[in-house]
Amino acid sequence: MDILFDTANLDDIERLTPIYPVTGVTTNPSILKKEGRVDVYKHLRRIREIIGPDRTLHVQVLQKTAQGMIDDAHRLLDKIDEKVYPKIPTTEAGILAMRTLKAEGVHVTATAIYSKTQGFLAIASGVDYLAPYYNRMQSLDIDTKGTLTALSGFIRRFDAPCKIMAASFKNIVQVSHALEAGADAVTLSPKLLRQALSVPDITNAVDTFISDWESVYGTRSLPDD
Ligand SMILES: O=P(O)(O)OC[C@H]1O[C@](O)(CO)[C@@H](O)[C@@H]1O
């Protein structure tokens with residue numbers, strides 16, 4: 001299972017990567033916008049420095065034409081590093097860009113996925129990750145779980161070297177539903193993970209165990225022997 005941080009916030013990435021079992025970081029232009037007008041390549045190289053070479057870093061292209069997307073992908077590989085996964089929107093131009101980049105041996109993440117059709121086209125184009133937009137699909141009344149299950153079935157049946165990285169989460173329930181439906185990976189803001197672990201019931205349970213112990217032994221520690 002892959003869990004990725006969907007953020008470009010350096011403080012969060014630096015503080016939380018050693019704690020959570022994350023395997024990478026995803027960004028898009030809207031996520032980068034939250035950091036202000038940063039020196040973008042410097043910022044993304046800093047993310048790479050923090051997460052190290054073994055976690056994946058997914059960065060979106062900006063252009064809408066196939067050649068523009070390919071050029072953007074080359075720019076990202078050149079300015080950040082060769083291991084970056086350019087994120088290519090799954091449009092007609094995007095499909096051509098994905099196929100071209102895969103033929104060059106570049107890692108590719110297909111993004112902006114709302115449908116099975118986009119998904120199977122990206123799988124057939126040889127991409128490494130598919131990023132279906134869980135919350136955005138749900139808001140459109142699209143059968144989100146059914147779409148993920150179908151895509152996961154296609155990948156297994158055709159033995160495609162592709163992982164589903166579900167994205168666009170607005171609550172933690174959507175994340176486990178995506179994993180149940182067949183997502184191999186989920187990318188979410190660290191805030192969602194932290195919120196899920198800070199519910200009062202969890203803290204209360206831990207506090208009650210400690211105070212029960214203390215009421216018997218008069219101390220909050222385990223004996224040395
Ligand atoms: O609906 P949202 O929150 O804008 O999310 C869009 C999603 O698309 C991605 O760009 C796909 O990787 C994520 O970074 C993000 O989770």
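In this chain, residues are counted from 1 in sequence order. Counting starts at 1 for both ligands and their atoms, following the listed order.
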S.K.: Below 4.0 Å from any atom of ligand 1, is there a heavy atom belonging to H58?
M.R.: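 No, H58 has no heavy atom closer than 4.0 Å to ligand 1.
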S.K.: Tell me which protein heavy atom sits closest to atom 4 (O) of ligand 1, plus the residue, atom name and distance to 0.1 Å.
M.R.: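 Atom 4 (O) of ligand 1 sits closest to the protein heavy atom R136 NH2, 2.6 Å.
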S.K.: Backbone or side chain, does any N or O of T27 fall under 3.5 Å from an N or O of ligand 1?
M.R.: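 Between T27 and ligand 1 (N or O atoms, distance only) the closest approach is not under 3.5 Å.
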S.K.: Which part of L188 is near ligand 1, with near meaning a heavy atom under 4.0 Å away: side chain, backbone, both or neither?
M.R.: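 For L188, there is no contact with ligand 1 at all, from either part.
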S.K.: Do Q118 and T91 have side chains that approach each other closer than 4.5 Å (heavy atoms only, starting at C-beta)?
M.R.: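 SC-SC contact between Q118 and T91 ruled out.
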S.K.: Looking only at atom types and distance, does a side-chain atom of D184 sit under 3.5 Å from a main-chain N or O of I164, one as donor and one as acceptor?
M.R.: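 Confirmed, D184 side chain pairs with I164 backbone.
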S.K.: Which part of F169 is near ligand 1, with near meaning a heavy atom under 4.0 Å away: side chain, backbone, both or neither?
M.R.: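 Under 4.0 Å from ligand 1, F169 contributes no heavy atoms.
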S.K.: Identify, by atom number and element, the atoms of ligand 1 in contact range of I31, meaning under 4.0 Å from any of its heavy atoms.
M.R.: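 It comes down to these atoms of ligand 1: 14 (O).
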S.K.: How far is atom 12 (O) of ligand 1 from its nearest protein heavy atom, and which residue and atom name does that atom have?
M.R.: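 Residue, atom and distance for the closest contact: K87 NZ, 2.7 Å.
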S.K.: What protein heavy atom is closest to atom 3 (O) of ligand 1, reported as residue, atom name and distance in Å?
M.R.: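 Going atom by atom, the protein heavy atom closest to atom 3 (O) of ligand 1 ends up being K170 NZ, 2.5 Å.
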S.K.: Of the protein's non-hydrogen atoms, which lies at the shortest distance from atom 15 (C) of ligand 1, and what is that distance?
M.R.: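 For this ligand atom, the closest protein heavy atom is D6 OD2, 3.0 Å.
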S.K.: So, N135 and S168: side-chain donor and acceptor under 3.5 Å apart, yes or no?
M.R.: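 There is no such pair (donor and acceptor under 3.5 Å, judged by atom type) between the side chains of N135 and S168.
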S.K.: Say whether N28, considering both its backbone and side-chain N or O atoms, lies within less than 3.5 Å of an N or O atom on ligand 1.
M.R.: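 Looking only at distances, the answer is yes, because the N/O contact criterion of under 3.5 Å is met.
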S.K.: Checking D128 side chain against T109 main chain: does a donor-acceptor pair fall under 3.5 Å?
M.R.: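 Pair absent, no side-chain N/O of D128 close to backbone of T109.
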S.K.: If the plane angle is over 60° it's perpendicular, under 30° parallel, otherwise tilted; pick one for F154 and F120.
M.R.: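 Perpendicular, since the angle between the ring planes exceeds 60°.
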S.K.: Any donor and acceptor pair, going by atom type alone, linking the side chain of R220 with main-chain N or O of I210 inside 3.5 Å?
M.R.: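 It does not hold such a pair.
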S.K.: Taking the side chain as everything from C-beta on, heavy atoms only, tell me whether K87 gets closer than 4.5 Å to N28.
M.R.: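 Contact flag for K87/N28 side chains = yes.
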S.K.: Can you confirm whether the side chains of H58 and T56 place a donor and an acceptor under 3.5 Å from each other?
M.R.: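 Yes, T56 and H58 have a side-chain donor paired with an acceptor closer than 3.5 Å.
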S.K.: Using a 4.0 Å cutoff against the non-hydrogen atoms of T26, which atoms of ligand 1 qualify?
M.R.: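 Near T26, the atoms of ligand 1 are 14 (O).
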S.K.: Look at atom 8 (O) of ligand 1 and say which protein heavy atom is nearest, naming residue and atom and giving the distance to 0.1 Å.
M.R.: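 The closest one turns out to be Y133 CE1, 2.8 Å.
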